[in-house]
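Index from 1, following the sequence. Please read these numbers as outputs of a predicted model, since none were measured by experiment. For ligands, and for the atoms within them, numbers begin at 1 and follow the listed sequence.
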Amino acid sequence: MSVPDRLGAPAAEPVFGTVALIGLGLIGSSLARAARRMNLARRIVAIDASEEVRGRVAALGIADRVTADAADGVSDADLVILCVPVGACGAVAEAMARGLKPGAIVSDVGSVKGSVVAQVSPHLPKGVHFVPAHPVAGTEYSGPDAGFATLFVNRWCILTPPEGTDPAATAAVRAFWEGVGSNVEEMSPEHHDLVLAVTSHVPHLIAYNIVGTAADLETVTESEVIKFSAGGFRDFTRIAASDPTMWRDVFLHNKAAVLEVLGRFSEDLYALQRAIRWGEGDQLFDHFTRTRAIRRGIIDLGQETAAPNFGRPQSDED
Ligand code: NAP
């Protein structure tokens with residue numbers, strides 16, 4: 001299956017009037033770039049608490065206006081997207097709420113949905129629509145310089161509109177994400193948080209753990225960790241380099257689902273441990289055969305490359 005990695009033609013007319021993005025890191029700045037490239041907004045307002053980030057956004061020229069004042073920044077916005085760490089969403093919603101105009105749509109990109117809904121909803125005035133979203137796309141880099149317009153192309157974006165949400169608001173948010181190249185699916189926040197605990201949150205925790213364990217092992221010096229990292233370990237180090245603030249918040253705010261999945265994970269790990277101890281080669285072989293088939297399925301769905309070494313350019317080191 002061929003995987004499109006490019007944005008298509010921009011919209012003939014801007015899809016939205018003003019789009020306000022709060023938090024211009026990897027995700028927010030990628031959205032600013034993609035929305036501009038695809039003509040999704042007549043005007044983009046960038047809101048960030050950090051002076052350094054605001055300076056970079058202005059220098060990069062990826063927004064029409066840059067401000068620190070959330071309430072003022074959203075005052076003209078038809079669509080507001082919170083792109084801040086999950087733990088900051090409640091405070092940001094509170095700070096911007098008095099500026100929101102009636103009929104505005106508020107969305108977000110948080111990697112956890114139940115907690116974001118609980119944090120943001122109480123602050124939104126009547127007449128403002130809330131359509132939470134999570135683009136399942138990212139890299140291990142942070143900040144406005146790390147963003148790029150094609151980040152969301154052919155990636156899933158999950159919408160979790162609360163019951164009773166105006167279908168027109170959900171359709172508008174869907175159109176925005178389709179405009180930046182994503183495939184869109186809808187589900188409940190609870191289901192989202194369980195699925196993502198399995199597919200993203202616990203795998204990140206495993207990477208953080210194995211890299212920490214390796215670094216702590218007295219017999220494995222730091223230079224050996226680096227020297228022999230072309231083994232599976234290197235792929236864990238990439239994941240374990242992900243933003244500490246973002247991931248701290250993910251685990252604190254998706255606690256129940258992560259603990260549930262970790263329980264299952266630990267039981268399965270013990271089963272593998274037992275098979276190794278008792279020399280049960282058939283069990284190991286069957287397990288690895290099953291997991292290999294799962295990877296083929298992911299490649300067939302266009303969510304990963306089949307190129308050797310995960311598509312990395314070959315180098316002498318490898
Ligand atoms: P990031 O690169 O660290 O950017 C976050 C930005 O928000 C930074 O500029 C940060 O400023 C700013 N910020 C923090 N608190 C704020 C506040 N109270 N008011 C205004 N601005 C504030 O993070 P990111 O990777 O783009 O992640 C943003 C969101 O996207 C998170 O909710 C994350 O769960 C979600 N997400 C991330 C990925 C991924 O792979 N990275 C994928 C999907 C979804 P400072 O630098 O000064 O803190």
Item to check | Pairs flagged by salt bridge (Lys or Arg N to Asp or Glu O under 4.0 Å) wherever residues 185-207 is involved - sequence neighbours left out | outcome: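 Every pair satisfying salt bridge (Lys or Arg N to Asp or Glu O under 4.0 Å) with a residue in residues 185-207: Arg174-Glu186.
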
Checklist entry - Less than 4.5 Å apart, any side-chain heavy atom of Leu272 and any of His287? => result yes

Checklist entry - Do Trp177 and Pro135 come within less than 4.5 Å of each other through their side chains, counting heavy atoms only? => result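 In short, these two side chains touch, coming nearer than 4.5 Å.
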
Checklist entry - ring pair (Phe, Tyr, Trp, His ring centres under 6.0 Å) with Phe251: which residues, sequence neighbours excluded? => result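 Once residues adjacent in sequence are excluded, the partners of Phe251 under the ring pair (Phe, Tyr, Trp, His ring centres under 6.0 Å) criterion are Trp247.
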
Item to check | For Asp69, salt bridge (charged side-chain N to carboxylate O under 4.0 Å, His left out) partners two or more places apart | outcome: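 Salt bridge (charged side-chain N to carboxylate O under 4.0 Å, His left out) check on Asp69 returns nothing, list empty.
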
Next on the checklist: Surrounding CZ of Phe285 (heavy atoms of other residues, nucleotides or ligands, distance under 6.0 Å), is the total greater than 12?
Outcome noted: no

Item to check | Sorted by chain and number, the residues that approach ligand 1 to under 4.0 Å with a heavy atom | outcome: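 The answer is Gly23, Leu24, Gly25, Leu26, Ile27, Asp48, Ala49, Ser50, Val53, Cys83, Val84, Pro85, Val86, Val92, Val109, Gly110, Ser111, His134, Pro135, Ala137, Gly138, Thr139, Ser142, Gly143, Met246, counting any residue whose heavy atom sits under 4.0 Å from ligand 1.
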
